[in-house]
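Here's the structure we're looking at; comments come further down.
Given the structure is predicted, the values throughout are model-derived calculations rather than measurements.
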Amino acid sequence: MTSSPRSRGLRSLVALAGAALLLTGCGAMRPGVAAQVGDETISLSEIDETAALWCRAVEPELQDQVVPMRFVRAAVLGSLLERTVAEQIAEEYDVEPSEAYRTAVAQQTQAAEAYPEDTRAALVAVSTSAAYRTSVLDAAATKALRADGVSSPTVEQVSERAAD
């Protein structure tokens with residue numbers, strides 16, 4: 001699958017936004033905006049709120065370790081960017097995430113029951129964003145391969161097309 005200008009632009013934006021946040025500590029292109037992917041914006045307040053909820057949930061596991069908040073915010077931004085880009089790809093290719101993704105969400109949701117109610121959604125969203133991206137990319141790649149006449153794409157073919 002050849003990359004469309006839109007998907008190349010989305011990948012570039014993800015890389016640039018992440019690099020800007022990590023290198024300068026300021027990922028905002030406009031006041032209050034951490035990143036923009038197409039028409040979707042991820043606000044700084046969304047990043048801060050999700051990072052704070054995530055920290056509150058995992059704090060007991062960290063014991064005496066200190067993790068600088070800028071690293072947590074960068075990880076949260078990366079997860080939210082990953083999900084936002086994948087949502088746009090899912091819409092563009094008209095695909096849904098796989099059963100494996102839904103199983104991962106169910107498992108993470110069950111695991112998150114040990115945490116306070118207000119932190120569960122943030123934990124599940126952050127912890128399943130990579131699975132969502134992989135699921136959507138594989139579905140889009142499979143659909144594209146079938147459109148190209150490959151009736152039973154191999155795992156390798158799907159992986160290569162998804163990487164494109």
Side-chain angles (χ1 to χ4, degrees), residues 1-30 33-44 46-47 49-51 53-54 57-58 67 70-112 120-164:
M1 167 174 81
T2 357
S3 296
S4 71
R6 180 177 177 192
S7 64
R8 283 191 304 272
L10 291 175
R11 283 195 302 250
S12 297
L13 179 60
V14 170
L16 289 173
L21 183 69
L22 290 172
L23 296 176
T24 67
C26 178
M29 294 172 269
R30 295 189 321 250
V33 176
Q36 178 142 2
V37 181
D39 293 337
E40 298 289 320
T41 59
I42 299 172
S43 70
L44 291 171
E46 183 179 1
I47 300 298
E49 180 180 320
T50 304
L53 290 171
W54 186 84
V58 300
V67 177
R70 70 178 180 272
F71 295 135
V72 176
R73 285 185 185 112
V76 167
L77 175 58
S79 291
L80 295 177
L81 280 169
E82 191 170 47
R83 183 172 294 276
T84 301
V85 169
E87 287 170 350
Q88 291 182 12
I89 291 170
E91 185 177 323
E92 183 177 334
Y93 283 87
D94 192 27
V95 295
E96 295 288 326
S98 67
E99 184 61 35
Y101 165 73
R102 290 188 287 280
T103 299
V105 168
Q107 290 171 342
Q108 289 297 320
T109 301
Q110 185 176 9
R120 292 179 196 156
L123 282 171
V124 172
V126 169
S127 64
T128 62
S129 63
Y132 182 79
R133 175 196 39 109
T134 300
S135 177
V136 166
L137 287 177
D138 286 352
T142 300
K143 186 173 185 175
L145 284 164
R146 288 191 176 135
D148 290 347
V150 181
S151 59
S152 297
T154 66
V155 171
E156 185 177 319
Q157 288 172 315
V158 171
S159 294
E160 287 176 9
R161 182 61 67 97
D164 285 345

Task: Over all atoms of both residues, closest heavy-atom pair of Ala51 and Val76 - done: CA-CG2, 3.9 Å

Task: salt bridge (charged side-chain N to carboxylate O under 4.0 Å, His left out): pairs with one or both residues in residues 96-112, sequence neighbours excluded - done: Glu99-Arg102

Task: Least distance between heavy atoms, Arg146 atom then Pro153 atom - done: NE-CD, 4.1 Å

- [ ] Taking side-chain hydrogen bond (donor to acceptor under 3.5 Å, both in side chains) as the test, write out the residues that go with Gln157, two or more places apart.
- [x] Thr154

Open item on the list: Could you tell me if the side chain of Leu80 sits less than 4.5 Å from the side chain of Glu46, heavy atoms only?
Closed with: yes

Open item on the list: Using 0.5 Å steps for rounding, measure from the OG1 atom of Thr142 to the OH atom of Tyr93.
Closed with: 12.0 Å

Open item on the list: As an exercise, state the distance from CG of Leu145 to OG of Ser152, rounded to the nearest 0.5 Å.
Closed with: 11.0 Å

- [ ] Kindly write out the residues that satisfy side-chain hydrogen bond (donor to acceptor under 3.5 Å, both in side chains) with Thr103, not counting sequence neighbours, or none if the list is empty.
- [x] none

Open item on the list: Please determine whether a side-chain nitrogen of the Lys or Arg among Asp148 and Arg161 lies less than 4.0 Å from a carboxylate oxygen of the Asp or Glu.
Closed with: yes

TODO: Measure the shortest side-chain to side-chain distance between Arg73 and Leu77 over non-hydrogen atoms and say whether it is less than 4.5 angstrom.
DONE: no

Just list the side-chain donor-acceptor pairs under 3.5 Å for residues 123-132, sequence neighbours left out, or say none.
residue: Ser127; atom: OG; partner: Gln108; partner atom: OE1; Å: 3.2
residue: Ser127; atom: OG; partner: Leu123; partner atom: O; Å: 2.7
residue: Ser127; atom: OG; partner: Val124; partner atom: O; Å: 3.4
residue: Thr128; atom: OG1; partner: Arg83; partner atom: NH2; Å: 2.8
residue: Thr128; atom: OG1; partner: Val124; partner atom: O; Å: 2.6
residue: Ser129; atom: OG; partner: Ser79; partner atom: OG; Å: 3.4
residue: Ser129; atom: OG; partner: Glu82; partner atom: OE1; Å: 3.1
residue: Ser129; atom: OG; partner: Val126; partner atom: O; Å: 3.3

Task: Residues forming a side-chain hydrogen bond (donor to acceptor under 3.5 Å, both in side chains) with Ser135, sequence neighbours excluded - done: Ser98

- [ ] Considering non-hydrogen atoms only, spot the tightest contact between Ile89 and Ala140 and give its length.
- [x] CG2-CB, 4.1 Å

Task: Any residue meeting side chain to side chain contact (heavy atoms under 4.5 Å, CB included) with Thr41, in chain and number order, not counting sequence neighbours - done: Arg30, Val33, Gln36

